[in-house]
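Note on naming: letters A, B, ... go to the chains in the order of the sequence lines (proteins, then strands), and numbering restarts at 1 for each one.
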2 protein chains.
Amino acid sequence: MAISSSEVSAPQSRPRGESKVNSVDRALVILEYLGTQTKEVGVRELGQAIGLSKSSVHRILQTLRARGFVKWNPDNARYSLGMKAFEVGCGILRSMEAHAVAKPYLEQLVATLGETAFLGVLDDAELVFIDKIDGRRSVRLYADIGSRRPLHSTGIGKALLAHLDRSEIDRIIAARPLTAYTKNTITDPDALRAELEKIRRQGYAEDNEEMEDGLYCVGAPLFNYSGRPVAAISVSVPKMGQQPVQKDRLIKAVVQAAQEISAKLGYSGRPKAASLG
Amino acid sequence: MAISSSEVSAPQSRPRGESKVNSVDRALVILEYLGTQTKEVGVRELGQAIGLSKSSVHRILQTLRARGFVKWNPDNARYSLGMKAFEVGCGILRSMEAHAVAKPYLEQLVATLGETAFLGVLDDAELVFIDKIDGRRSVRLYADIGSRRPLHSTGIGKALLAHLDRSEIDRIIAARPLTAYTKNTITDPDALRAELEKIRRQGYAEDNEEMEDGLYCVGAPLFNYSGRPVAAISVSVPKMGQQPVQKDRLIKAVVQAAQEISAKLGYSGRPKAASLG
DNA sequence: GAGGTTGTTCCTGGCAGCGAAACGCTCGCT
DNA sequence: AGCGAGCGTTTCGCTGCCAGGAACAACCTC
């Protein structure tokens, strides 16, 4: 019956270890929103898009502008993302060894295969494209650097997912529903687990029109010195019209490139990866 | 010594239209710092690098982490830039028409010339590299996407600077000293103005080892529908060893690519905006 | 030139966030 | 092993910053 003092000592339900700065959070929401917009936005529009008062938005925008994270167009008094945001964001590439190492191999893949190559990393149960080199086709794939994709429906995603710890795989699969994007998308968790097992055996992942109709894709993981899958590469080829590259040639090229990159990253080939051939 | 309450009501002379949010500003400084670092940093190190107390830094880092702008390594409890920062920063490319339009032309330039091509835009009296496609040389240029360069010592920079309004040119030249990077760097404002006049006549800018010894570079501006120089492209070639590409062929290719890109951006080739200074 | 719309400024109560200090953990030194 | 320095994290009270409404200004529309 007696109320202990410990209960009283938390008047605002301090979530114990989750202190955050409100204004900073708001600023990040603004940055995030501006990152998704392709056009400049006004203060009012921005405010009601993210649920903040005009004045708050305005003051935060001034702060972002002073640091160059936001650009102000004096002609229409609208705001957009500033180059500083780009500059800072690209800074992550410098600390990512896989990016620099993989680049020449991606170029090599595009040169020999003529199809579009990607480099992606895992982030928060999703895949983020780090680099992309377009193939020699007239139609260009709609997948920008910096954009996100689910793990279960992409070649890079499945290649990354397959080589995580079991517990991580379970957590990620449980975290979000396996959304269907095409009729081929794997939506059953057990089927996905079986697919991942196959991917581990093969050493590469196939995306057979699972993310987008008419798009076939081969992905292979990159391991660093510690044996962790730090990134993955893929080559995508549209199925429309003639299919100039045979699957096995594609697979062989991607897997070999991935192995060579992994070697340069210090991967010594731990026993887990079965021989591929 | 008694302080009346009326005096307290105006504690700081409000700088009239320059309101900013302190915590947001600090968060941006942290992001900026993390963007320059190639390794993970600790709270203390970060705090004394930017002059803040540990607890403030820690709280802001938690906020940044919750939004994915910062990544936390549980092994060493250190922080680094998160993929969200990359994602948001890349969002700027989507709203930049020049980027998408120029890409194929850059690839074409690299394919025919074999040298490294760049795309850059003006930002705050500096140049920021937006895109880069490496040439077929074994040595790769040290110039990352997202990095900054001065305007007066680079091909892209001079090409951009030359086509601004007179008043803008004067402002930018006056804004910062013309730092010398090599013995060829133009450090005299009047010499620079003459060089810019020459660039306007020619339609392209040359960087003859002005930023880096042994590096020759040709830049040409891209105009959009309104006739403003929204970006510029360049091709760099090292002078060491044999010089496989003749200058005039290089220049011709760059200029032609720039003109075609400008045309696609809606530039009608109007005689140039005179009379504004 | 009047009315509507949008961006900016002013003002004050309320509370969020800053910094100092304390806590516990992990290393490295002895 | 023992101990203490160094680090990341948490706590706590005081300071000063933000939210919100409303008036003001500039711009466009009609």
Practice problem: Give me the ring orientation class for Phe223(A) and His163(A): parallel if the planes are under 30° apart, tilted from 30 to 60°, perpendicular past 60°. | Solution: perpendicular

Quiz prompt | Carboxylate-amine/guanidinium contact Asp123(B) Lys71(A), below 4.0 Å | solution = no

Quiz item: Quick one: is Ser56(A) getting a side-chain N or O under 4.0 Å of the dA19(D) phosphate, OP1 or OP2?
Solution: yes

Quiz item: Expressed in angstrom and rounded to an integer, what is the separation of Asn76(B) atom CG from dT9(D) atom P?
Solution: 11 Å

Exercise. Kindly point out which of dG19(C), dG8(D), dT8(C) is positioned nearest to the side chain of Lys54(A)?
Key: dT8(C)

Exercise. Enter the inter-axis angle for the ends of the helix from dG1(C)-dC30(D) to dT30(C)-dA1(D) (five pairs per end, rounded to 10°).
Key: 50°

Exercise. Indicate yes or no: does Arg166(B) engage Glu197(B) in a salt bridge with an N to O separation below 4.0 Å.
Key: yes

Practice problem: Assess whether atom NZ of Lys264(B) is packed by more than 12 heavy atoms of other residues, nucleotides or ligands within 6.0 Å. | Solution: no

Practice problem: Rounded off to whole Å, could you give me the CG-to-P distance for the Leu61(B) and dG17(C) pair? | Solution: 15 Å

Quiz prompt | Distance in angstrom units between Arg78(A) CZ and dC27(D) P, rounded | solution = 14 Å

Quiz item: Taking atom P of dT6(C) as reference, at what distance in whole Å does atom CG of Asn73(A) sit?
Solution: 17 Å

Quiz item: Does Arg26(B) have a side-chain nitrogen or oxygen under 4.0 Å from the phosphate oxygens OP1 or OP2 of dG17(C)?
Solution: no

Practice problem: Mind calculating the distance between CD (Glu45(A)) and C1' (dT5(C)) to the nearest angstrom? | Solution: 14 Å

Quiz prompt | Atom pair distance, as rounded to whole Å: CG in Leu52(A) and C1' in dG7(C) | solution = 17 Å

Quiz item: Arg193(A) and Asp170(A): salt bridge (charged side-chain N to carboxylate O under 4.0 Å, His left out), yes or no, with the steps?
Solution: CA-CA 9 Å; Arg193(A) 267 180 255 266; Asp170(A) 291 338; 2.4 Å; yes

Quiz item: Starting at the 5' end of DNA chain C and moving along, which residue's nearest nucleotide shows up first, Val21(A) or Val43(A)?
Solution: Val43(A)

Quiz item: Which residue, Arg59(B) or Gly42(B), contacts DNA chain D at a nucleotide closer to its 5' end, judged by nearest heavy atom?
Solution: Gly42(B)

Quiz item: Can Tyr79(B) and Gln62(B) be counted as having a side-chain donor-acceptor contact under 3.5 angstrom?
Solution: yes

Quiz item: Is the shortest side-chain N to carboxylate O distance from Arg176(A) to Glu126(A) below 4.0 Å?
Solution: yes

Self-check item: Nearest-nucleotide pick for Asn22(B), side chain only, options being dG19(C), dC17(D), dA19(D)
Solution: dC17(D)

Quiz item: Does Tyr79(B) have a side-chain nitrogen or oxygen under 4.0 Å from the phosphate oxygens OP1 or OP2 of dC7(D)?
Solution: no

Exercise. Check whether the side chain of Ser55(B) and the base of dG19(C) form a donor-acceptor pair under 3.5 Å.
Key: yes

Quiz item: Does a nitrogen or oxygen in the side chain of Trp72(B) sit under 4.0 Å from OP1 or OP2 of dT9(D)?
Solution: yes

Exercise. Give a yes/no on whether any side-chain N or O of Arg44(B) is located under 4.0 angstrom from OP1 or OP2 of dG6(D).
Key: no

Quiz item: Between atom CG in Leu46(B) and atom P in dT9(D), what is the gap in whole Å?
Solution: 12 Å

Exercise. Would you tell me if any nitrogen or oxygen in the side chain of Ser23(B) comes within less than 4.0 Å of OP1 or OP2 on dC18(C)?
Key: yes

Exercise. Indicate whether the side chain of Glu97(B) and that of Asn224(B) have a donor and an acceptor atom separated by less than 3.5 Å.
Key: no

Quiz item: According to a strict under-4.0 Å criterion, is His58(B) in side-chain N/O contact with OP1 or OP2 of dG8(D)?
Solution: no

Quiz item: Rounded to whole angstrom units, what separation is found between the CD atom of Gln62(B) and the P atom of dC18(C)?
Solution: 13 Å

